[in-house]
Amino acid sequence: MSEQQQRSTKKSNEESAEVESTSDIAEHKEKLDDDVDSILDEIDDVLEENAEEFVRSFVQKGGE
Amino acid sequence: MSVRRVQGSEVEYGIAVTGQPHANPMVASTHVVNSYAAAHGLTRRARWDFEEENPLRDARGFDLSRDAADPSQLTDEDLGLANIILSNGARLYVDHAHPEYSSPEVTNPRDVVVWEKAGEAVMRLGAELAGRLPGAYPIVLYKNNVDNKGASYGSHENYLMAREVPFETIVEQLTPFFVSRQIITGAGRVGQRQDGSVHAFQLAQRADYMEVGVGLETTLKRPIINTRDEPHADPKKYRRLHVILGDANCSEIAIYLKHGMTSLVLAAIEAGELTDVPQLANPVQALHDISHDPTLRAVVELFDGRTITALDLQAKYLADAQAFVERHGSDEQTDDVLARWESLLDRLAVDPHQCARELDWVAKLGLLERYRDRDGLDWDHAKLHLVDLQYHDVRVEKGLYHSLVRSGRMDRLIADDEIKDAVATPPSDTRAYFRGMCLARFAPDIAAASWDSVIFDLPGHDSLQRVPTMEPLRGTKEHVGALFDRCESATELFRAITAG
C-alpha cells in the first residue's frame with residue numbers, strides 16, 4: 001500500500017478531530033522513524049567493515 | 001565594521017594506508033603531495049637556498065613523472081622537499097607526519113570556505129593519485145584532529161591584526177570567546193581526555209589537547225591563545241593571530257562562522273569597543289567542561305565567583321558585536337554572519353538537534369545517537385568510533401559528512417563549481433593572486449615562493465631574483481592583472497615589476 005493510500009485510509013477511518021490529530025502525530029513519528037532508518041541504512045552501506053580493527057589501526061603521529 | 005580582514009586556514013589531514021597500519025606516514029604524505037604536484041605540472045618548491053645554481057634542474061624523484069618514479073626511490077632528502085605552491089596561491093606540503101594544505105590569503109570568511117574546500121579537493125585527488133603509484137596501497141585522508149589514542153594534529157586559523165593592539169588585551173578579551181565558541185565550531189568527538197579513555201561524546205576534537213592559557217608551543221603544552229609572532233607581512237604594522245585551538249570542520253557553515261564570528265570579535269577588540277568581558281577563573285578547565293557537555297548546560301566559574309554557560313558567554317559576544325556593527329555600519333556578509341550566529345544560539349538553547357543541518361558536532365551526535373538507539377551500543381563501541389572517524393573521510397563516496405550532504409540532510413554555502421574553480425585559481429583580492437598567477441603562468445621559472453616573496457629563476461641570470469610581497473593587499477588582480485595579460489614570459493613580467 002502506498003503512503004498516499006495509507007494516509008487516505010487512515011483519514012476516512014477517523015471521525016473526531018482529536019483522534020485525527022493523534023493520528024497525525026503518530027504519522028509524523030512514523031515518518032521520522034522511516035527517515036532515521038533510511039539514514040542508518042545508507043550509512044551501513046558505506047561504513048568500513050570490521051569496525052574494531054579499523055578503528056584500532058588508525059594510529060597517527062602528532063602534528064603541527 | 002565588518003567580517004572583512006586578511007585571513008586564512010591551515011589543515012593537517014589524518015592519513016591511513018589501507019591494510020598497512022605500519023606504513024610510514026611521512027612517506028605516504030609525501031606521495032600525496034608529490035603525486036598532486038606531478039599531475040599538475042607543478043615543480044616542487046626548491047630549497048630556500050640562494051646558492052643553488054639550478055634548483056629546478058636539480059629535481060629528482062616524482063618531478064620526473066608519476067609513472068616513471070618508483071616509491072622506493074624516496075630518500076630522506078626527497079622527503080624534506082615535499083613542499084609546493086599551488087596555482088591557487090595555497091601551500092601544499094608535508095608537516096611532520098601529515099599532509100597539510102595552507103589556504104591562500106583571502107579577505108573574508110566566505111572565501112576561507114571556498115579555498116579551504118578547494119584544499120579538500122586537492123587532498124582527495126592527491127591521495128587518489130598516490131594510491132595508483134606502482135606498488136602503492138590506497139591512501140585515505142581524514143579532515144579531523146585526533147586518532148583517539150593520544151595524538152592530535154592541527155587545523156589553524158590565521159587573522160591579520162593591527163600591531164598596536166596590546167597582546168594582553170587580546171588575551172583578556174578573546175579567551176572567553178575561544179572557550180565558548182566550540183558550541184558552534186566543534187566537530188564532535190567520541191571519547192574524552194587526550195587518549196579517549198573516558199567513553200563519552202564531546203563537542204570539540206581539540207579541547208582536551210589545550211593545556212595552558214597562553215603560550216608559544218603548538219605540539220605540547222598547547223595554549224588556548226598562541227603567541228607565535230610571525231606576521232609574514234610588515235611587522236611594524238601587523239601581527240598575525242595564529243589560532244590553534246579550533247577543530248577541522250567539514251560543515252561549510254561551521255567554517256564560515258568560525259572565521260566570521262572570530263573576525264568580528266577581533267574587529268571590536270581592535271576598536272577598543274568590547275566592554276566588561278567576563279573573565280574565567282580557569283579558562284583551560286572551562287574549555288574542557290564546556291566541550292564535555294553536549295546538553296550545553298555546563299556552567300563555568302568566573303573570576304568574581306559567579307558562574308556562566310557557554311551559551312550566555314556567546315550571547316554576550318554576539319550582543320557586543322551587534323552593537324559594534326550598529327555603531328559603525330555593516331555589509332552583507334557581516335549581516336549574514338550575525339544573523340546565523342544569533343539564530344544558532346537561539347536554537348542551541350532550545351534543543352541543539354535543531355542545528356543538525358548546520359553544525360558538525362550536532363550532525364555527528366545525531367548519527368551516533370541513532371546507532372545507539374537502534375543497535376543498543378555503549379559509547380565505547382567500535383562502531384561509534386568508526387562513525388566518528390569516517391564522518392571526516394575526504395572521499396565523497398565514503399565520508400559520512402558527504403553522505404549527509406548528498407541526501408539533503410546538511411546545508412551548504414558554496415556551489416561545487418566555485419570550489420572547483422578555486423582549486424586552480426587564486427583569490428583576486430590579495431597578494432595570493434600574484435603568487436598563484438606566477439605559478440599558473442610561469443611555473444618552470446619560479447624557483448620558490450612563500451607568503452612574502454616569489455623567487456624567479458630567469459634564463460640568462462646567474463642568481464635567483466626575489467620579488468618581495470610584504471603587503472598582503474597588494475599584488476591583487478586590480479593591481480597586477482594587466483601585467484599578466486601583457487607579459488608573455490617570466491622575464492618580461494619581472495622586468496615590468498622591477499621597472500617600477
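Lettering of chains follows the sequences in order, A, B, ..., and the numbering in each one begins at 1.
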Asks: Report the distance from atom CG of B/D373 to atom CZ of B/R370, rounding to the nearest 0.5 Å.
Replies: 9.5 Å
Asks: Just so I understand: if I count every heavy-atom pair under 4.5 Å between each of A/L47, A/V55, A/D45, A/V59 and chain B, which residue has the most?
Replies: A/L47
Asks: Quiz question: by atom type and distance under 3.5 Å, do the side chains of B/R240 and B/N158 form a donor-acceptor pair?
Replies: yes
Asks: Between B/D375 and chain A, with a heavy-atom cut-off of 4.5 Å, which part of the residue counts as in contact: side chain, backbone, both or neither?
Replies: neither
Asks: Below 4.5 Å, heavy-atom pairs only: which of B/E100, B/E397, B/K398 has the largest tally toward chain A?
Replies: B/K398
Asks: Between B/N144 and chain A, with a heavy-atom cut-off of 4.5 Å, which part of the residue counts as in contact: side chain, backbone, both or neither?
Replies: side chain
Asks: With no hydrogens and no angle check, do the side chains of B/E116 and B/S9 hold a donor and an acceptor under 3.5 Å apart?
Replies: yes
Asks: Restricting to non-hydrogen atoms, name the atom on B/S251 and the atom on B/M410 that form the minimum distance, rounded to 0.1 Å.
Replies: CB-CE, 4.0 Å
Asks: Distance alone, cut at 3.5 Å: any donor-acceptor contact between the side chains of B/H385 and B/N148?
Replies: yes
Asks: Return the minimal non-hydrogen interatomic distance between B/K143 and B/A248, and the atom names on each side.
Replies: O-CB, 3.8 Å
Asks: What part of B/V146 is in contact with chain A, defined as an atom under 4.5 angstrom from a non-hydrogen atom: side chain, backbone, both or neither?
Replies: backbone
Asks: Side chain from CB out, backbone as N, CA, C, O: work out which of these in B/H156 comes under 4.5 Å of a heavy atom of chain A, or both, or neither.
Replies: side chain
Asks: Contact part of A/E52 toward chain B, heavy-atom cut-off under 4.5 Å: side chain, backbone, both or neither?
Replies: both
Asks: Is it true that the side chains of B/D208 and B/Q192 contain a donor and an acceptor less than 3.5 Å apart?
Replies: no
Asks: Select one option (side chain, backbone, both, neither) describing which atoms of A/N50 are under 4.5 Å from chain B's heavy atoms.
Replies: neither
Asks: So how far is it from B/Y391 OH to B/S403 OG, rounded to the nearest 0.5 Å?
Replies: 10.5 Å
Asks: For B/Y13 and B/N145, which I'm curious about, is there any donor-acceptor pair between the side chains at under 3.5 Å?
Replies: no
Asks: Under 4.5 Å, counting heavy-atom pairs only, tell me which of A/E48, A/R56, A/K61, A/Q60 racks up the most with chain B.
Replies: A/Q60
Asks: For a quick test of reading the model, state the closest non-hydrogen atom pair linking B/F201 to B/K364 and the distance between them.
Replies: CE1-CD, 4.4 Å
Asks: Which bit of B/Y142 is near chain A, if near means a heavy-atom gap under 4.5 Å: side chain, backbone, both or neither?
Replies: side chain
Asks: Which members of residues 214-223 of chain B, sorted by number, sit under 4.5 angstrom from chain A on a heavy-atom basis?
Replies: B/T218, B/T219, B/R222
Asks: Ignoring hydrogens and geometry beyond distance, is a side-chain donor-acceptor pair present between B/E157 and B/Y159 at under 3.5 Å?
Replies: yes
